[in-house]
Each structure stands twice: as C-alpha cells, then as structure tokens.
Amino acid sequence: MTALGFLYPGHSGEDDYPRIEQLLGSDIRVDLVHTDIGEDAHREDAHRVDALLEMGSPRRLAAGVEELRLSGADAVVWACTSGSFVHGWEGAQEQVRALARSAGLPASSTSFAFVHAAKEIGARRVAVGATYPEDVAGLFADFLGAAGVEVTGVVSSGIVTAAEVGTWTEAEVLALARSADRPDAEAVLLPGTALHTVAHIPALEKELGKPVLTANQVTVWEGLRLADRRVNAPELGALFTREPVVQV
C-alpha cells in the first residue's frame with residue numbers, strides 16, 4: 001500500500017481526491033487533512049497576496065502534518081497552488097523544505113507539481129487559465145517562467161474566493177480552458193485546487209486536442225512521483241498515460 005498525504009486549505013474542491021483515488025485503481029490511498037486557512041481567506045480578499053502568504057505559512061502547514069504522519073503517509077504535498085507560488089521560486093522551495101523537515105517525509109506543493117508535470121509531458125510552452133485575480137495569475141506565470149516553462153498567455157477570471165470557484169460547473173471549466181488555449185501552447189494549465197476538474201479532464205483534452213493539467217490532478221501525480229510510484233490511469237488525462245502500467 002502506498003499512502004499519499006495532502007494538506008488541503010479549507011473546503012472547496014476536495015472531493016476531487018477520493019475520485020482520483022478511485023480512478024487510480026491500485027493499492028494507493030489518498031489521505032487529506034484540511035488546514036486552517038485563516039480569517040482573511042474566508043473574506044472577499046481571499047486571493048490577496050498577503051492573505052495567501054499567511055495561508056501557506058509554516059505554522060499553518062505544520063499543524064496538519066502530525067495527522068498525516070500518524071496515517072502512515074509516504075509523502076506529503078501542500079495541495080494549494082496560489083498558497084505556494086505566491087512565495088516566489090525561492091520562497092516556495094523553502095516552504096517545501098520546511099514542510100519536509102516538519103513531516104520527516106518527502107514533500108512538495110501544487111506549484112512544483114505543475115512544473116514537474118509540464119516537463120513530464122514535454123510541454124515547454126503552456127497557456128494558463130486561472131480563476132484568480134489578474135495580479136495573482138501573473139505571479140503563477142512568473143513562477144512557471146522561473147522554472148523554464150514558457151507561458152504563451154494567461155487568462156484570468158478574477159474570482160477572489162475559493163468557495164465561489166468550488167461551485168463551477170463543467171461548462172464553466174470548459175469555457176475557461178477554451179479561452180486560455182493558444183495555438184502555440186503545448187498544454188493548458190488550470191491552477192487552483194478549489195476548482196473541480198477531475199471528472200472533466202477527458203472532455204477538456206478532447207475539446208482542446210492537447211494535454212490539460214489541472215491542480216488536483218497534478219497534485220496527486222506529484223505525490224506518486226515523490227513515493228516513486230507510476231500508475232497508468234487514462235481517465236486522469238495524458239499525464240497519467242506516460243508511465244508503464246503498475247500491476248497489483
């Protein structure tokens with residue numbers, strides 16, 4: 001049994017995780033611990049930079065680590081995109097190092113998951129469709145650029161609360177992906193773990209004719225990477241078809 005631990009901020013799109021666990025179809029357990037997101041994250045300024053910095057602070061992440069350790073997790077991922085990339089490339093690395101020290105486990109975050117996943121599928125140029133306000137979406141593009149991933153365009157929906165993002169329908173997710181896509185983009189990235197996307201990935205990739213990377217999808221893939229597991233699960237998109245099938 002491989003146990004993956006995830007620290008998830010608040011309550012919005014977390015039901016993507018048991019869905020992914022079911023689709024993996026092997027001896028993989030997905031454990032989710034909800035972190036305290038702070039008062040600012042509940043208000044309309046949730047995606048303000050200073051609120052995001054606090055949401056991903058070491059003390060808030062450390063508070064959820066012990067539960068994951070007791071569950072027997074083999075790796076831990078901070079399942080939040082904006083609460084990681086907002087720290088910048090160096091700051092996000094330090095965030096992950098602190099998380100690894102606290103957990104005593106291999107650790108990463110959703111922002112690094114996007115970088116590693118883009119490289120896994122060979123996407124050097126990507127388009128971004130973000131639900132965030134424009135300034136926050138721009139910070140994600142900067143983060144990708146620092147990793148050597150060229151961003152061909154960014155579309156921002158300007159939504160400031162995860163709660164609102166969590167209500168989006170398949171039609172709204174498809175519309176965001178279509179608006180973000182660019183002819184020269186080799187993949188489309190949809191950041192934001194509050195966004196329900198797992199059920200829509202096959203439709204997204206069929207619609208756009210290219211790989212689509214979404215936050216909860218890449219977060220679980222990153223946990224598998226840290227645990228040195230490779231699982232073939234085509235219903236989770238092109239990202240999950242590039243490794244050999246693991247027979248259990």
* Asked: Does the E21 side chain pair with the main chain of V30, one donor and one acceptor, at a distance under 3.5 Å?
  -> yes
* Structure fact -> Closest non-hydrogen atoms of P9 and T35, given as atom of the first, atom of the second and distance, are CA-OG1, 3.3 Å
* Asked: Sub-3.5 Å donor-acceptor pair from the side chain of E222 to the main-chain atoms of T110, do we have one?
  -> no
* When rounded to the nearest 0.5 angstrom, what is the spacing between CD in Q22 and CD in E235? -> 9.0 Å
* What's the verdict on side chain to side chain contact (heavy atoms under 4.5 Å, CB included) for I201 and Q217, showing C-alpha distance, side-chain angles and the deciding distance? -> CA-CA 9 Å; I201 293 172; Q217 170 213 38; 3.8 Å; yes
* Going by heavy atoms in the side chains, are F140 and V151 under 4.5 Å from each other? -> no
* To do: Please examine the side chains of L236 and V220, heavy atoms only from C-beta on, and report whether any two atoms are closer than 4.5 Å.
  => no
* **Rounded distance [0.5 Å steps], NE2 in H116 versus CG in L239** => 12.5 Å
* Asked: Side chain of S102, backbone of A98: donor and acceptor closer than 3.5 Å?
  -> no
* So how far is it from T214 OG1 to L189 CG, rounded to the nearest 0.5 Å? -> 9.0 Å
* To do: Write down the atom of W89, the atom of V115, and the distance for their closest heavy-atom approach.
  => CZ3-CG2, 4.3 Å
* The single option from L144, V188, V149 passing side chain to side chain contact (heavy atoms under 4.5 Å, CB included) against V128 -> L144
* Do F112 and W78 touch side chain to side chain, with heavy atoms closer than 4.5 Å? -> no
* **Distance (rounded to the nearest 0.5 Å) between T219 OG1 and I20 CD1** => 7.5 Å
* Any side-chain heavy atom of V86 within less than 4.5 Å of one from F143? -> no
* **Which atom of V76 lies closest to which atom of A103, heavy atoms considered** => CG1-CB, 3.9 Å
* T81 to P191 - nearest heavy-atom pair and separation -> CG2-CB, 3.9 Å
For residues 204-212, which side-chain N or O atoms pair as donor and acceptor with protein atoms under 3.5 Å away, sequence neighbours left out?
from	atom 1	to	atom 2	distance (Å)
E205	OE1	A238	N	3.1
E205	OE2	V212	N	3.0
E205	OE2	A238	N	3.2
E207	OE2	R178	NH1	3.4
K210	NZ	D181	OD1	2.8
K210	NZ	R182	O	3.0
K210	NZ	A185	O	2.7

* **Any pair counted as side chain to side chain donor-acceptor pair (under 3.5 Å), so long as it reaches residues 61-74, sequence neighbours left out** => D31-S71
* Structure fact -> Correct closest heavy-atom pair for V154 and A137 would be CG1-CB, 3.8 Å
* Asked: Side-chain contact, heavy-atom cut-off 4.5 Å: L176 with L190?
  -> yes
* Quick one: does H196's side chain get under 4.5 Å of D15's, heavy atoms only? -> yes
* **F240 vs N232 side-chain heavy atoms within contact, under 4.5 Å** => no
* side chain to side chain donor-acceptor pair (under 3.5 Å) assessment of R229 paired with T2 -> CA-CA 8 Å; R229 284 296 303 268; T2 299; 2.7 Å; yes
* Approximate separation, where rounding is to 0.5 Å, of N216 CG and T193 OG1 -> 5.5 Å
* Asked: Among side-chain atoms of S84 and S111, is any donor-acceptor pair under 3.5 angstrom?
  -> yes
* Minimum heavy-atom distance A227-A75, with the two atoms named -> N-CB, 4.5 Å
* Asked: Are the side chain of Y132 and the backbone of G192 linked by a donor-acceptor contact shorter than 3.5 Å?
  -> yes
* To do: Would you check if L68 and L7 make a side-chain contact, meaning some heavy-atom pair closer than 4.5 Å?
  => yes
* Asked: Quick one: do D184 and R124 make a salt bridge, cutoff under 4.0 Å?
  -> no
* With sequence neighbours left out, what residues match R97 under side-chain contact (heavy atoms from CB on, under 4.5 Å)? -> Q93, E94, R101
* Structure fact -> Taken to the nearest 0.5 Å, the spacing of D16 CG from L195 CG works out to 8.0 Å
* Asked: Above 12 or not: heavy atoms from other molecules or residues under 6.0 Å from CZ of R29?
  -> yes
* With under 30° as parallel and over 60° as perpendicular, where do the rings of Y8 and Y17 fit, or are they tilted in between? -> perpendicular
